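Comments concern the structure below.
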Amino acid sequence: MQDPWVGELSEGEILSAILRELGPSAAEVGPGDDAAVLAAPDGRVVATVDTLVHGPDFRLAWSSGFDLGWKAAAVNLADIAAMGARPTSLLVALAMPDATRLSFVVDLARGLRAGCDELAPGCVVEGGDLTVSDVLTVAVTALGTLEGRPAVRRSGARVGDIVAASGNLGDAARGLRLLFDRFRDAAGNPIAVDRAGLTAEEARELDAQLRPSPHIADGVRGAIAGASAMMDLSDGLVLDAGRMAAASGVTLDLHRDALGPHPDDALSGGEDHGLLATFPTTDAVPDGFRIIGVVRERGEAPVLVDGAGYEGNGGWDPYRDWDASLG
């Protein structure tokens, strides 16, 4: 069979095809046993899990297997980085319909490996699970090490701290809007992306949505520089800043003119997967971060923009915002 459906293969055959793409394991016991045995150099393990579901999180018409594997790695690596940790391992659970081509699964595995190699060298897939489902779903558990440092939490921001961000804000939102505006048919159903007609800026924004490249190393860099609080920017700057403000008991005042050429997209767009951090002084802000605001005493609003309350949702909440009718 040239490119069989996964429903025509055994679990072992599918797994063998995946493992060929993932490369060698770095664990004491890696894929092949009932569980992996991993080293915990300083006695602690940072762990997170994120799930990508067809519909709310991606569309097969828009994302290749490679894109999906890369994005599944990136969004989890960013959560580890947000704690000031270095990612070390991924565990991947893949639930897929019988009518999924093996080539798509192999491309997904390649995307996982490439995402790790590019964004967090040394981090590898050490195990996971396969099962069937009517809805294609990728669930990733990421593990990391603090290398002797304390974890940086979102609850540490203090009045007078400097607010800073790592990565480009708003690009992913503009990429998503491009998909909905130009790559749906008359009935609103997603259609394949044609990159031939995209400008260089549009292609970059599309990649920010489909294949994000957060600056994972900035998490460790921020921790070493003395970040008082840090978190992943996954759901939108205003929404996530509000979570940091609530956890810290403060108000974050953001500067619109520091948010780049598209400040509204930066404020309300999601899926940037950069880092939001606070530092005790301007001099403490390390390379990779740019100053975007200041921490103030807690007021009526958890987030201000140029001293005024922000009007609008300020980000993506799947329970509030997901609409299956949008294709």
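Quick caveat: nothing in here was measured; it's all calculated off a predicted structure.
- Judged purely by atom type and a 3.5 angstrom limit, Arg101 uses its side chain to pair as donor or acceptor with the backbone of Asp3.
- Under the side chain to side chain donor-acceptor pair (under 3.5 Å) criterion, Arg290 pairs with no residue, sequence neighbours left out.
- The side chain to side chain contact (heavy atoms under 4.5 Å, CB included) check on Ala47 picks up Leu143, with sequence neighbours excluded.
- Defined by atom type and a distance below 3.5 Å, a donor-acceptor pair is missing between the side-chain atoms of Thr145 and Thr88.
- Of the charged side-chain nitrogens involved, none lies within less than 4.0 Å of a carboxylate oxygen, so that Glu205 and Arg177 do not count as a salt-bridged pair.
- With sequence neighbours excluded, the residues that form a salt bridge (Lys or Arg N to Asp or Glu O under 4.0 Å) with Arg149 are Glu147.
- Checked by atom type and distance alone, the side chain of Asp171 never pairs as donor or acceptor with a backbone atom of Asn168 at under 3.5 Å.
- A salt bridge links Arg256 to Asp264: at least one charged side-chain nitrogen sits closer than 4.0 Å to a carboxylate oxygen.
- A salt bridge is defined here as a Lys NZ or Arg NE, NH1 or NH2 lying under 4.0 Å from an Asp or Glu carboxylate O, and Asp218 with Arg221 meets this definition.
- Residues Leu198 and Arg182 meet the side-chain proximity criterion, which asks for heavy atoms closer than 4.5 Å.
- Between the Lys71 side chain and the Leu52 main chain, no donor and acceptor come within less than 3.5 Å of each other.
- No donor-acceptor pair closer than 3.5 Å links the side chain of Thr51 to the backbone N or O of Ala139.
- Applying the salt bridge (Lys or Arg N to Asp or Glu O under 4.0 Å) criterion to Asp42, with sequence neighbours excluded, gives Arg44.
- Scored by the side chain to side chain donor-acceptor pair (under 3.5 Å) test, Asp306 finds no partners at all (sequence neighbours excluded).
- Tracing side-chain contacts under 4.5 Å through hydrophobic residues (I, L, V, M, F, W, Y), one reaches Val193 starting from Ile191; they form part of the same cluster.
- Every residue two or more places apart in sequence or in another chain that forms a ring-ring contact (aromatic ring centres under 6.0 Å, His included) with Phe58 is listed here: His54.
- No side-chain donor-acceptor contact under 3.5 Å links Ser63 to the backbone of Leu60.
- For Asp207, the side chain to side chain donor-acceptor pair (under 3.5 Å) criterion is met by Arg195, not counting sequence neighbours.
- Annotation: side chain to side chain donor-acceptor pair (under 3.5 Å) contacts of Ser213 (sequence neighbours excluded): none.
- Taking Glu126 as the reference, Ser25, Ala26, Ala27, Pro31, Ala36, Leu38, Ser89, Leu91, Val124 meet the side chain to side chain contact (heavy atoms under 4.5 Å, CB included) condition, with sequence neighbours excluded.
- Here CG of Leu276 is found 11.0 Å from OG of Ser234. Values are rounded to the nearest 0.5 Å.
- In the hydrophobic clustering of ILVMFWY residues, with side-chain heavy atoms under 4.5 Å counting as a link, Phe104 and Ile18 come out together.
- A side chain to side chain donor-acceptor pair (under 3.5 Å) check over residues 292-303, counting only residues at least two apart or in different chains, returns the pairs Asp253-Arg296.
- Residues passing the salt bridge (Lys or Arg N to Asp or Glu O under 4.0 Å) test with Asp98, sequence neighbours excluded: none.
- Residues in residues 260-284 take part in these ring-ring contact (aromatic ring centres under 6.0 Å, His included) pairs, two or more places apart or across chains: Phe279-Phe289.
- Salt bridge status for Arg110 with Asp107: present, with a side-chain N to carboxylate O gap under 4.0 Å.
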